[in-house]
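Each chain gets a letter, A, B and so on, in the order its sequence line appears, and its residues count up from 1. Bear in mind the structure is a predicted one, so any value in this text is a computation, not a measurement. Computation of the quantities below employed the complete heavy-atom set of this structure, encompassing side-chain atoms and omitting hydrogens, waters and symmetry-equivalent molecules.
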Amino acid sequence: MYGVINLLSIKGVFKNFGGLAALQNVNLNVRQGEIKALIGPNGAGKTTLLNIISGIHRLDKGEILFKDEKINNLPPSKIANKGISRTFQHVELFGNMTVLENIMVGFYARNKTSFFMDGFKFSFITDSEKKIYKKSREFLEYVKLGHKINEIALNLPIGEQRILEIARALATEPGLILLDEPAAGLNIRETRELGEIIKRIREELGITILLVEHDMELVMNISDSVAVLNFGEIIADGTPMEVQKNRDVIVAYLGEEEEVQPGYNVNT
Amino acid sequence: MKKEDFMVFIVFFIFVGLLPLFIESNYALTIGIFSGINALVAIGLCILMGYAGQVSLGQAGFYGIGAYVSSILSVYYGFPVILGILSAMIVSAIAAVVLAVPALRLKGHYLAVATLGFGEIIYVILNEWGPGGPSGFGDIPHFNIAGYSIQTTKESFYFIWIIVAIVMLYSINLTKSNTGRILRAMHDSDTACEAIGINVPLLKIKVFILSALYASLAGSLYSHYVTFISPSSFSLFYSILILMMVIVGGSKNLWGAVAGAIVITVLPELLRKFQELDILVYGFILTLTLMFFRKGLVPIISEKIKNVRGYKFAKH
């Protein structure tokens with residue numbers, strides 16, 4: 001289903017916030033065409049890693065390669081233009097704009113117009129506008145939001161907001177999409193629908209997906225491989241089956257089996 | 001641009017064009033001229049604030065640069081007026097970049113204070129180093145092109161409002177285009193804009209430049225119309241006046257800026273009959289407007305019109 005070419009390679013990445021080591025020597029590969037999940041307990045550094053890949057944070061040490069090209073420490077907009085799009089843990093929509101407009105803005109990256117020249121285009125609706133409009137409608141049909149195009153984004157239920165955010169990310173025609181907890185706040189039915197959409201994106205559009213998620217059912221159902229981050233370190237990386245059986249992962253999630261011994265130092 | 005926008009545009013400017021046929025008094029036309037000049041600045045601030053979501057309390061600074069640079073160039077260096085105006089716009093654009101770079105890191109109230117500081121700096125510079133200091137200077141030539149000088153009130157009225165029409169047409173086009181959509185997107189979320197590949201800092205600089213160009217043009221037109229300028233016309237009070245126009249008219253709509261400019265310019269003149277109480281009545285009217293028409297005058301009116309039309313459609 002997916003090749004062996006690494007679309008994204010994270011090599012020896014370190015990141016400190018003040019004295020806190022958020023990421024320590026993180027190595028991670030995302031292969032072309034796969035759905036890769038990144039899981040781990042709260043505070044493990046998952047979102048930090050996504051923020052570093054998408055350029056919101058700068059890394060302290062290490063290297064990130066996308067299509068064999070170094071992208072670390074570029075500004076977010078440059079990284080997006082190279083073909084990495086993302087969604088956010090707290091949905092970042094253009095809340096006061098309509099569903100359709102949200103998608104149309106997403107097309108901007110591929111249809112850049114000149115700021116000052118836009119005022120001189122004196123036809124009533126330009127051809128590029130028509131094209132963007134048509135493509136945006138198609139996209140909304142694709143993610144099943146076609147009946148809500150004129151609604152204000154903020155008024156959508158959270159499940160649809162998350163799908164809209166994904167659709168907007170798709171509109172930039174990315175090679176890789178980073179999804180930060182797409183199922184947060186969704187009920188079981190919505191989560192299943194989301195899973196279907198993520199699978200379709202990979203299968204029909206051929207877009208690679210790196211997903212951070214707490215919902216284990218979703219993760220184990222849709223991912224080709226799973227990496228586990230704990231205290232800023234990758235402790236396991238493999239198929240969902242392998243990861244579920246991995247002892248370190250069980251310890252990280254559930255704690256040690258044996259009772260805490262007298263004199264046991266909690267800090268170690 | 002949509003057809004409806006264009007219709008509104010045509011109707012409004014035909015109406016403005018017919019006004020001088022019915023208004024004999026030069027005094028009334030002069031108020032019309034100042035409304036037009038203020039409208040230019042307000043349109044710029046409307047794009048900056050209502051669309052892009054960047055507050056500015058420093059528009060008087062650009063307005064002052066426009067007035068002083070073009071006047072100094074034409075009075076002391078013999079520049080043709082049009083060249084003076086264009087030079088002033090270039091200077092304003094550079095000043096806008098200087099202002100925008102620190103402003104990129106600021107939002108909301110902090111941005112307001114930073115831009116306020118910029119306006120005050122320009123004011124102090126004009127006061128200290130401008131020709132004539134605080135008392136200003138005169139003998140500024142009227143606007144002239146190809147040997148024809150625009151001098152009478154009627155001519156000036158048409159001249160100013162033709163420029164407002166051109167700027168308005170350009171601005172409507174801009175705000176209804178891809179660019180306008182991106183500006184509104186930036187208003188809602190910088191982070192999301194960056195994530196889909198929009199260079200937010202560059203976009204902010206560009207929109208600051210645009211608003212500065214409008215204010216500078218207006219300042220130049222002002223100085224070449226009144227032919228005498230002093231720093232007091234370019235103080236913080238003017239920035240606040242422009243802000244008030246945009247808010248009263250409705251900051252999300254360019255027509256709001258134009259309507260606001262007209263209302264705020266005309267209102268004090270209508271209140272003359274209250275004599276010393278005029279400021280009191282003025283403040284009272286503004287407060288009530290903001291309390292009851294929070295979105296601004298134009299959105300409220302256009303909603304009313306849409307409702308009436310919708311009602312008619314429903315009956316058929």
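- Ion pair B:R184/A:E101 flagged as a salt bridge, since at least one NZ, NE, NH1 or NH2 atom sits closer than 4.0 Å to an Asp/Glu carboxylate oxygen.
- A:R200 CZ: more than 12 foreign heavy atoms inside a 6.0 Å radius.
- Counting heavy-atom pairs closer than 4.5 Å to chain B, the top residue among A:R86, A:M117, A:M104 is A:M104.
- Counting heavy atoms from C-beta outward, A:N96 and B:H187 have side chains that stay 4.5 Å or more apart.
- Residues B:A195 and A:A80 share a closest heavy-atom pair of O-CB, 3.3 Å.
- For B:H109, the NE2 atom is loosely surrounded, since the number of other residues' heavy atoms within 6.0 Å does not exceed 12.
- Pairing each heavy atom of B:K176 with each of A:E129, the nearest pair is O-OE1, 4.3 Å.
- A:I56 places a side-chain heavy atom less than 4.5 Å from the side chain of B:T191.
- Side chain of A:D118 to backbone of B:T179: a donor-acceptor contact under 3.5 angstrom is found.
- For A:K148, the NZ atom is densely surrounded, since the number of other residues' heavy atoms within 6.0 Å is greater than 12.
- No option in B:L183, B:L202, B:I205 other than B:L183 meets the side-chain contact (heavy atoms from CB on, under 4.5 Å) test with A:F115.
- Note that CG of B:L210 is 5.5 Å distant from CZ of A:F116, once rounded to the nearest 0.5 Å.
- B:S189 approaches A:L93 most closely through the heavy-atom pair CB-O, 4.1 Å.
- Of all heavy-atom pairs between A:F94 and B:A185, the closest is CD2-O, 3.2 Å.
- Both the backbone and the side chain of B:V207 have a heavy atom closer than 4.5 Å to some heavy atom of chain A.
- Separation of atoms CD (A:E92) and CG (B:D188) is listed at 10.0 Å; rounding is to 0.5 Å.
- How far CG of B:N178 is from CD1 of A:I132: 5.0 Å, rounded to the nearest 0.5 Å.
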Quiz item: B:I196 and A:V105: side-chain contact (heavy atoms from CB on, under 4.5 Å), yes or no, with the steps?
Solution: CA-CA 8 Å; B:I196 57 174; A:V105 173; 3.4 Å; yes
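- Residues B:E194 and A:S77 come closest through the heavy atom pair OE1-N, 2.8 Å.
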